[in-house]
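Let me begin by presenting the structure, written as structure tokens, before commenting on it.
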Amino acid sequence: MAERDPQLGTARSPGISWTELMKIDGRPAPACLTTESYEYKGSDPLDTARYTSEDFARAEREKMWPYVWQFAAREEDIPEPGDFTVFDNAGRSWLVARQDDGSVRAFHNVCLHRARKLRLEDGSADKFICPFHGFAWEKDGTFAGSPCEWDFTHLGKDDMKLPEAEVAHWGGYIFLREEPGGPSLEEYLAPLPEHFKRWRHEECTTVIWVAKEVRANWKATMEAFMEAWHTIITHPQLLPFTGDCNGAYWTWGDNVNVNLVPFGIPSPHLDASGKPELWIVDQFIKFNGRSADNYEADDPMAVKVPEGSTARLALGEAMRKAYAAASGYDHDDATDAELLDGLVYNVFPNFAPWGGYMPNVVYRWRPGKTPDTCLMEVRILSRVKKGEPIPRGVPMKRLDIDQKWTEAAELGILGDVFEQDMENLPFVQEGMHASKNHRIQLANYQEIRIRHFHQTIDKYLAGELGQQA
């Protein structure tokens, strides 16, 4: 059997490895970037029905989603008492509301009279009043009254309290869990909180937030962002400065994994012989999408590559100075990876915050009304300058299924990158429906995060995780 072969999963791309790169970065790398956590998890194919079947989607809704911690909002989305956000996911709708004491509570966003949604959009209110018949609830979920209460003497106050989800906080993020019990949020996220101590997401605010409906299953869409080696064909403009298959792929427990993608070095798939190091700098500034605005000048010549040095070291030094100036924090101990690279974490099932000190990308994917669609969200977090209050985050801009990511001008060059992914995903979904053998084959190393993700889904569906366990 393939699973018994001790060599499976040991192959790595030719060229410098991630761990070797960390040894020659401009500063000593922290343990979270040097301590490998990889375990071969088998080579069996996945069934396409996991992405196309309504029965499988129903099983997820019933056996997985109610029992997992879900990223519902950021603190800066609802900073003031009375602020609330509507969070819809997997057939449920919640009102995530800031209370007078500063705490946050999450209530089912459904009138207990005739089941109309109480709110459709984010806002601020002291009461949630149903637009159908006027039934009302306080922002703490207690029943505030209704017209014609004389006709509802069979219902007591407790009958009319809005059902509530568990809420927990970490790093500026607000999470909810529909069904109580199970691991605490810190236990569920481990080792993420320890890794992110350096990167201070709690000191960030949302400066860009764009969502788009996609013609593909939420898992298929998410998995396009769980490996870097599709860059070879899908994002060729990134190859001059992206070590796409030099990256590391690590997993922890059931819930957390990471792809560490080095920037500032050319892809092993690109013949960059004869190209000067400044050419790599130039391409990075043009196409990276997260860092050009941090330079004092758009001219790539503003970043000098000393003789005998490299583009990566020069870019790291430029970023180190730029982020210190912009944030008011000393970044002298930040290694180049924290200043340049794609440190792309995933938390089961659908939350993906980037680590490091650049403006941080945060992804979230939510199932659509059918298995063939989903909503993909992209937030960009920026650190608030030391000592300054955290401002309210920007609202979400929503693109419909026929709009392009490039229509969100605030994304800049990232919109072009996401649109390149969209050129694949609808045809991935169609292909899974049309497949003769109904199999998805995965790489042993570079796609281990996908396999890890599906093995955790299976544990929920089998009752090994969740309240039913």
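In this text, all values refer to a predicted model and were calculated from it rather than measured experimentally. All values below were derived from every heavy atom in this structure, side-chain atoms included, with hydrogens, water molecules and symmetry-related copies excluded.
- Between E76 and L381, some side-chain heavy-atom pair lies under the 4.5 Å cut-off.
- Inter-residue side-chain proximity for E138 and K127 is flagged as met; some heavy-atom pair is nearer than 4.5 Å.
- The two residues A211 and M396 make their nearest non-hydrogen contact at CB-SD, 3.5 Å.
- At a threshold of 4.0 Å, the pair E75-R98 counts as salt-bridged, since one of the basic side-chain nitrogens sits closer than that to a carboxylate oxygen.
- Within the model, atoms CG of L414 and CZ of F287 stand 12.5 Å from one another, a figure rounded to the nearest 0.5 Å.
- A donor-acceptor contact under 3.5 angstrom links the side chains of E203 and Y329, judged on distance only.
- Atom CZ of R439 has 12 or fewer heavy atoms from other residues, nucleotides or ligands within 6.0 Å.
- Counting heavy-atom neighbours within 6.0 Å of R58 CZ, excluding the residue itself, gives a total above 12.
- Using modelled atom types, one finds a donor on one side chain and an acceptor on the other under 3.5 Å when comparing S103 with D101.
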For ring-ring contact (aromatic ring centres under 6.0 Å, His included), just list the numbers for F348 and F453, CA-CA rounded to whole Å, side-chain angles, deciding distance to a tenth of an Å, and then say yes or no.
CA-CA 7 Å; F348 186 86; F453 165 65; 5.7 Å; yes
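- The shortest side-chain heavy-atom distance between N246 and L21 does not fall under the 4.5 Å cut-off.
- Distance check, rounded to the nearest 0.5 Å: NZ of K41 to CG of L8 gives 14.5 Å.
- Between E410 and V207, every side-chain heavy-atom pair lies at or beyond the 4.5 Å cut-off.
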Run W137 and F143 through ring-ring contact (aromatic ring centres under 6.0 Å, His included) and show every step you take.
CA-CA 4 Å; W137 285 265; F143 186 54; 5.5 Å; yes
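- Using a 30° and 60° split on the angle between ring planes, W94 and F87 fall in the parallel class, below 30°.
- Judged by distance alone, the side chains of E213 and Q403 never bring a donor and an acceptor atom under 3.5 Å apart.
- With salt bridges taken as basic N to acidic carboxylate O contacts below 4.0 Å, none links R215 and D372.
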Could you go through K139 and D100, starting from their C-alpha distance and side-chain angles, then the distance that decides it, and tell me whether this counts as side-chain contact (heavy atoms from CB on, under 4.5 Å)?
CA-CA 9 Å; K139 61 176 175 286; D100 289 335; 3.0 Å; yes
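- Using a 3.5 Å distance cut-off with no hydrogens or angles, the side chains of E338 and W199 do pair a donor with an acceptor.
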Kindly indicate, with the supporting measurements, whether the criterion side chain to side chain donor-acceptor pair (under 3.5 Å) is fulfilled by H154 and D159.
CA-CA 9 Å; H154 54 293; D159 298 314; over 6 Å; no
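- Atom CD of E121 is surrounded by 12 or fewer heavy atoms from other residues, nucleotides or ligands within 6.0 Å.
- Residues satisfying the side chain to side chain donor-acceptor pair (under 3.5 Å) criterion with W218, sequence neighbours excluded, are E60.
- Between atom CG of residue D122 and atom CD1 of residue I78 there is a gap of 9.0 Å, rounded to the nearest 0.5 Å.
- By the 30° and 60° cut-offs, the orientation of the rings of H133 relative to F135 is perpendicular.
- Classification of the Y345-H195 ring pair by plane angle, with boundaries at 30° and 60°, yields perpendicular.
- Note: F71 and F175 have tilted aromatic rings, judged against thresholds of 30 and 60 degrees for the angle between ring planes.
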Show the numbers, then the answer: is there a side-chain contact (heavy atoms from CB on, under 4.5 Å) between L120 and V86?
CA-CA 7 Å; L120 304 180; V86 176; over 6 Å; no
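- The side-chain heavy atoms of D77 and R392, taken from C-beta on, include no pair separated by under 4.5 Å.
- Side-chain contact of N424 with H230: a donor-acceptor pair under 3.5 Å is absent, judged by distance alone.
- Residues W209 and E377 have side chains that bring a donor and an acceptor to within less than 3.5 angstrom of each other.
- No hydrogens or angles considered: a donor-acceptor pair under 3.5 Å links the side chains of N89 and Q70.
- In this structure, a donor-acceptor pair under 3.5 Å is absent between the side chains of N109 and R119.
- No donor-acceptor contact under 3.5 angstrom links the side chains of N444 and R451, judged on distance only.
- T221 approaches C374 most closely through the heavy-atom pair OG1-SG, 3.4 Å.
- To the nearest 0.5 Å, atom CH2 of residue W229 and atom OH of residue Y249 are 9.0 Å apart.
- E36 places no side-chain N or O within donor-acceptor distance of the main-chain N or O of T34, the cut-off being under 3.5 Å.
- With ring centers used as reference points, W365 lies under 6.0 Å from Y363.
- Between D140 and R105 the shortest side-chain heavy-atom distance falls below 4.5 Å.
- A donor atom on one side chain and an acceptor atom on the other are not found under 3.5 Å apart for H235 and D244.
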Test side-chain contact (heavy atoms from CB on, under 4.5 Å) on V258 and V344; report intermediate values, then the result.
CA-CA 6 Å; V258 71; V344 189; 5.6 Å; no
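- Annotation: the span from E447 atom CD to Q441 atom CD amounts to 10.5 Å, rounded to 0.5 Å.
- A centroid separation of 6.0 Å or more is found between the aromatic rings of W250 and Y38.
- Between R449 and E227 there is no salt bridge, since no side-chain nitrogen of the basic residue lies less than 4.0 Å from a carboxylate oxygen of the acidic one.
- Side-chain contact between P30 and T335 is present, with at least one heavy-atom pair separated by less than 4.5 Å.
- A donor atom on one side chain and an acceptor atom on the other are found under 3.5 Å apart for R50 and H454.
- Taking the six-membered ring where tryptophan is involved, the planes of H201 and F196 are perpendicular, since the angle between them exceeds 60° and thus also 30°.
- Looking at S17 and M22, their side chains never come closer than 4.5 Å, going by heavy atoms from C-beta outward.
- Closest non-hydrogen pair, A59 versus L461, comes out as O-CD2, 3.6 Å.
- Summarising the geometry, atom CD belonging to E149 is positioned 8.5 Å from atom CE belonging to M160; distances are rounded to the nearest 0.5 Å.
- Residue R92 qualifies as open at atom CZ: its count of foreign heavy atoms under 6.0 Å is 12 or below.
- Using a 3.5 Å distance cut-off with no hydrogens or angles, the side chains of E223 and Y51 do pair a donor with an acceptor.
- T206 and R379 are linked by a side-chain donor-acceptor pair at a separation below 3.5 angstrom, with hydrogens and angles left out of the test.
- Between D158 and K161 there is no salt bridge, since no side-chain N of the basic residue sits under 4.0 Å from a carboxylate O of the acidic one.
- Side-chain contact annotation: N257 with H452, donor-acceptor N/O pair under 3.5 Å present.
- No hydrogens or angles considered: a donor-acceptor pair under 3.5 Å links the side chains of S435 and N437.
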